[in-house]
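This structure is a prediction, so every number in the text was calculated from the model and none was measured. Lettering of chains follows the sequences in order, A, B, ..., and the numbering in each one begins at 1.
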Number of protein chains: 2
Amino acid sequence: MKNKDIKILLVDDEPDILEIVGYNLSNEGYHVITGANGVEAVKLGKKHKPHLVILDVMMPEMDGIEACELLRKNPDLSDTIITFFTARGEDYSQVAGFDAGADDYITKPIKPKVLISKVKALLRRLKEKEESSEIIKVGNIIINREEYKIVKGKEEIVLPRKEFELLSLLASKPGKVFKREDILDRVWGNEVVVGGRTIDVHIRKLREKIGDESFKTIKGVGYKFVI
Amino acid sequence: MKNKDIKILLVDDEPDILEIVGYNLSNEGYHVITGANGVEAVKLGKKHKPHLVILDVMMPEMDGIEACELLRKNPDLSDTIITFFTARGEDYSQVAGFDAGADDYITKPIKPKVLISKVKALLRRLKEKEESSEIIKVGNIIINREEYKIVKGKEEIVLPRKEFELLSLLASKPGKVFKREDILDRVWGNEVVVGGRTIDVHIRKLREKIGDESFKTIKGVGYKFVI
DNA sequence: TAAATATTTAACCCATTCTTAATATTGATT
DNA sequence: AATCAATATTAAGAATGGGTTAAATATTTA
């Protein structure tokens, strides 16, 4: 996603702030939308579905806290990051702000450079959510290597390390036969020497936990995972 | 940011050191700038705005400590990491160095491999600084890194530093398993060696204070924070 | 400087995980 | 079908690795 496609809704009742901050954000290539109070914030939020909302707390008509609560109620904006724009020292606003569903806050005054890097950090958060990490999906099984978690259908299966690694290896290429020596190399590491039956025992455990039908033995060669 | 874009200012009065260390750093792809004394360090620092400065302590003209103090006064270099390069045993220099605003120190002699990994660790710190937004929200817990404050529900929880860092690391990616070695790297720093049970003890404290259910152990791997 | 607090170490325990070994079964080959 | 080598099964024991605690150090604070 390019900066041009990223929409930032900036809401503040001081025109100067809108001007300066808006200018800096535009300069970075973001698509900036501005509003002057809470009512506008809610209206513009609904209309534009911005990726990031920067909300001043103290505003006429409707303050930032209330606006934030209303914005959060809109399911279209559930992935939107909302951050408050608050004068240093207005501590109460932070607490109230988080209750209202804000993700962060930015203190005024702030240097343009710092603001930009803060905005980038917030948007990076959004990006991370989108990017899926090391996840293997096969049939109805999802293997999440980052979380060390297996989900089969609806149930979560907990596997000890060696079993997890073995399954992950076999499932990384369903259908492919992995030779016994390759399995030893990749799951046990080629410096460790274990007896010949160790793999079998682990396969057995997996068959018990994941399902017999998923693991095929190729006699004299190795094993494969089938869907 | 690619290595090519990372500028390292290396300052030492011994040409051999500049040669060897500089070679190793260049080899990793870093953009290396070298200087022979404190005066040059300050001049080159101002000019190039390096991301990392490696400063020998004992140098003619102006020593590393003084150079460090001067570099620190430059607001452009506020994000720059400064580390001293000191012969093993020159203990006083470490103390004085930190007073002068240094972030770390590297002892001579050092093997190229160790040096590189140290530099990487330092640069990782820089990256984290840039990236980490100061507030992490997970479940009903708000971690405010800027104020070193934890709020769980309505109550504020005070955590000592290591516990705080550990929690904030784990909570930075709920669900993700952090390997023990990664935790050591990122909370303790990879140069510090602590006993095997240290992490456990801190986890235990967190479990007491935050809630047992939030910290899951993945045996043989590490820990994860779950909501 | 003393007192308080934080951090690390060390010792021990316990549970889980891994491996082995002994025996049973399978399947390819003749 | 007999044979034989490879794999399956099982249970037991070994090894690993985490949990817990208290005491020893370090560090910070008053």
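- Within the nucleic acid shown, A/Thr217 comes within 4.0 Å of sugar-phosphate atoms alone, with no base atom in reach, counting heavy atoms only.
- Here C/dT8 presents its P atom at 10 Å from NZ of B/Lys205, a figure rounded to the nearest Å.
- Rounded to the nearest 0.5 angstrom, A/Leu55 CG and A/Tyr105 OH are separated by 16.0 Å.
- As judged by a 4.0 angstrom heavy-atom cut-off over every strand, B/Tyr223 is placed among residues touching the sugar-phosphate backbone only.
- Comparing A/Arg180 and A/Arg161, the nucleotide of DNA chain D nearest to each residue sits closer to the 5' end for A/Arg180.
- Of the candidates C/dC18, D/dG18, D/dT9, C/dC18 carries the atom nearest the A/Lys162 side chain, counting heavy atoms from C-beta on.
- The closest side-chain donor-acceptor pair between A/Ser168 and A/Arg186, if any, does not fall under 3.5 angstrom.
- Nearest-nucleotide mapping onto DNA chain D: of A/Gly222 and B/Arg207, the residue sitting toward the 5' end is A/Gly222.
- The nearest whole Å value for the distance from the CD atom in A/Glu163 to the C1' atom in C/dT17 is 8 Å.
- To the nearest angstrom, C1' of C/dC18 lies 12 Å from NZ of A/Lys209.
- Separating the CD1 atom of B/Ile183 from the P atom of C/dT8 is a distance of 14 Å, rounded to the nearest angstrom.
- Mapping A/Val193 and B/Leu159 onto DNA chain C via the closest heavy atom, the residue that lands nearer the 5' end is B/Leu159.
- Salt bridge present: B/Arg145 and B/Glu165 bring a charged side-chain N and a carboxylate O closer than 4.0 Å.
- When each of D/dT7, D/dT20, C/dA15 is scored by its nearest atom to the side-chain atoms of B/Arg197, the top-ranked nucleotide is D/dT20.
- Taking atom CG of residue A/Asp200 and atom C1' of nucleotide D/dA6, one finds them 9 Å apart after rounding to whole Å.
- The interatomic distance linking B/Glu165 (CD) with C/dA6 (P) rounds to 15 Å, in whole Å.
- The existence of a salt bridge linking A/Arg180 and A/Asp200 is confirmed by a sub-4.0 Å separation between a basic side-chain nitrogen and an acidic carboxylate oxygen.
- Summarising the geometry, the separation between CD1 on B/Ile199 and C1' on C/dT7 is reported as 13 Å, rounded to the nearest angstrom.
- Within the 4.0 angstrom heavy-atom criterion, base atoms lie near A/Lys219.
- Look at B/Arg204 and you won't find any side-chain N or O under 4.0 angstrom from OP1 or OP2 of D/dG19.
- Where B/Val201 and B/Val158 each meet DNA chain C at their nearest nucleotide, the meeting point lying more 5' is that of B/Val158.
- Look at B/Arg204 and B/Glu208 and you find a salt bridge, because one of the NZ, NE, NH1 or NH2 atoms lies within 4.0 Å of a carboxylate O, short of that distance.
- Proximity of A/His202 to the phosphate of C/dT19: a side-chain N or O atom is located under 4.0 Å from OP1 or OP2.
- Rounded to whole Å, the distance from CH2 on A/Trp188 to C1' on C/dT19 is 10 Å.
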